[in-house]
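Single-structure report; data block below.
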Protein chains: 2
Amino acid sequence: MNIAEVATRAGLPPKTIRYYEDIGLIHPRRQANGYRAFAEADLHKLAFLGRARGLGFSIEECRTLLALYEDQSRASADVKALAQRHLTAIDAKIAELQAMRATLSDLVHHCAGDHRPDCPILADLAGAAP
Amino acid sequence: MNIAEVATRAGLPPKTIRYYEDIGLIHPRRQANGYRAFAEADLHKLAFLGRARGLGFSIEECRTLLALYEDQSRASADVKALAQRHLTAIDAKIAELQAMRATLSDLVHHCAGDHRPDCPILADLAGAAP
DNA sequence: CTTGACCTTCCTGTCACTGGAACCCTTATG
DNA sequence: CATAAGGGTTCCAGTGACAGGAAGGTCAAG
């Protein structure tokens with residue numbers, strides 16, 4: 001398989017696949033002409049990585065997950081701990097965004113949004129004491 | 001005011017303040033010795049920027065907000081539109097994170113997390129057809 | 001006069017790619 | 001046979017918003 005086919009089947013851009021090779025996540029063989037020769041196992045790994053990235057795991061977490069996946073003697077506790085940490089991080093981000101959302105939504109609500117210059121959004125950013 | 005005092009009062013690291021000058025968000029004067037000489041107006045702008053960044057506005061959005069703030073003939077509609085767009089972007093991010101969270105939480109729930117290697121999290125990442 | 005706490009600029013690194021230039025390989029067509 | 005299109009390759013630079021650190025100038029106190 002050449003890179004374009006793998007890219008289509010794994011749902012990842014060729015650039016990303018080359019990058020993943022660069023940083024040592026995959027190790028496709030090479031053909032005589034220098035082209036990458038992807039095996040089914042490479043495709044499988046790339047799809048794995050695509051899904052893990054889709055769940056928001058960092059590249060380093062993905063590296064660990066791949067290593068665990070390939071370690072037949074792993075303990076599921078290790079995987080679960082990693083996923084649990086990531087879940088906590090996601091929750092923190094959601095909370096942060098929801099706090100922003102609440103403030104911003106409130107400000108937007110109080111802004112007339114007309115041709116006049118008076119604006120509670122700018123007033124708040126400028127540090128208006130309520 | 002030297003940079004350290006402004007940093008404390010604006011709640012921003014000195015590095016960030018120098019960066020903001022670099023990209024043209026602020027223009028503090030210089031003392032004879034080359035040190036930055038911050039006026040109250042600079043401090044005010046930096047605090048404004050800190051709050052806007054805290055609400056998740058990008059640097060370029062902050063630049064626009066500052067320009068609107070300083071434009072006495074602005075229309076509040078322009079500010080509101082910018083804030084509204086940002087709010088929509090935040091909502092999209094929240095939705096994305098919540099989708100991740102739902103999947104991940106489900107997987108974590110189904111993982112025994114013991115010494116055995118069987119792990120539904122890895123199975124899902126590997127593309128297990130349900 | 002020296003110490004230590006400031007300040008300065010400049011360079012590098014972060015994260016996970018993306019775009020583009022310059023060039024090689026393969027296949028089809030005139 | 002030349003060439004053009006459509007693969008592939010490497011390498012370099014840029015993204016956003018800073019943070020870390022080196023090398024060196026400045027200033028007040030002891």
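Naming: A, B, ... by sequence-line order, numbering from 1 per chain.
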Which one, C:dC6, C:dG20, D:dG21, comes nearest to the side chain of B:Ala4?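 Ranking C:dC6, C:dG20, D:dG21 by closest atom to the B:Ala4 side chain puts C:dC6 first.
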Closest approach of B:Ala75 and A:Asp114, non-hydrogen atoms and distance? CB-O, 3.4 Å
Please find the pair of heavy atoms, one from B:His86 and one from B:Phe57, that lie closest to each other, and give the distance. NE2-N, 3.5 Å
Please work out if [X] contacts a base, only the sugar-phosphate, or nothing of the nucleic acid, heavy-atom cut-off 4.0 Å.
{"X": "B:Pro13", "answer": "sugar-phosphate"}
{"X": "B:Arg18", "answer": "base"}
{"X": "A:Arg53", "answer": "sugar-phosphate"}
{"X": "B:Ile3", "answer": "sugar-phosphate"}

Expressed as a whole number of angstroms, how long is the span from [X]:[atom1] to [N]:[atom2]?
{"X": "A:Glu5", "N": "D:dG7", "atom1": "CD", "atom2": "C1'", "answer": "13 Å"}
{"X": "A:Glu60", "N": "C:dC17", "atom1": "CD", "atom2": "P", "answer": "12 Å"}
{"X": "A:Leu12", "N": "C:dA16", "atom1": "CG", "atom2": "C1'", "answer": "12 Å"}
{"X": "B:Ile59", "N": "D:dT15", "atom1": "CD1", "atom2": "C1'", "answer": "14 Å"}

OP1 or OP2 of [N] under 4.0 Å from side-chain N/O of [X]:
{"X": "B:Arg30", "N": "C:dT9", "result": "yes"}
{"X": "A:Arg36", "N": "C:dC25", "result": "no"}
{"X": "A:Tyr20", "N": "C:dC17", "result": "yes"}
{"X": "A:Thr16", "N": "C:dT18", "result": "yes"}
{"X": "A:Asn33", "N": "C:dT26", "result": "yes"}

Verify salt bridge (charged side-chain N to carboxylate O under 4.0 Å, His left out) between A:Arg85 and A:Glu61, making sure each step is shown before the conclusion. CA-CA 11 Å; A:Arg85 274 197 302 278; A:Glu61 285 167 336; over 6 Å; no
Is any side-chain N or O of B:Tyr35 under 3.5 Å from a base N or O of D:dG25, one able to act as donor and the other as acceptor? yes
Does one side chain, of A:Tyr69 or A:His44, offer a donor that lies under 3.5 Å from an acceptor on the other?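 Judged by distance alone, the side chains do pair up.
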Lys/Arg N to Asp/Glu carboxylate O, A:Glu60 vs A:Arg63, below 4.0 Å: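 Answer for the salt bridge query: yes.
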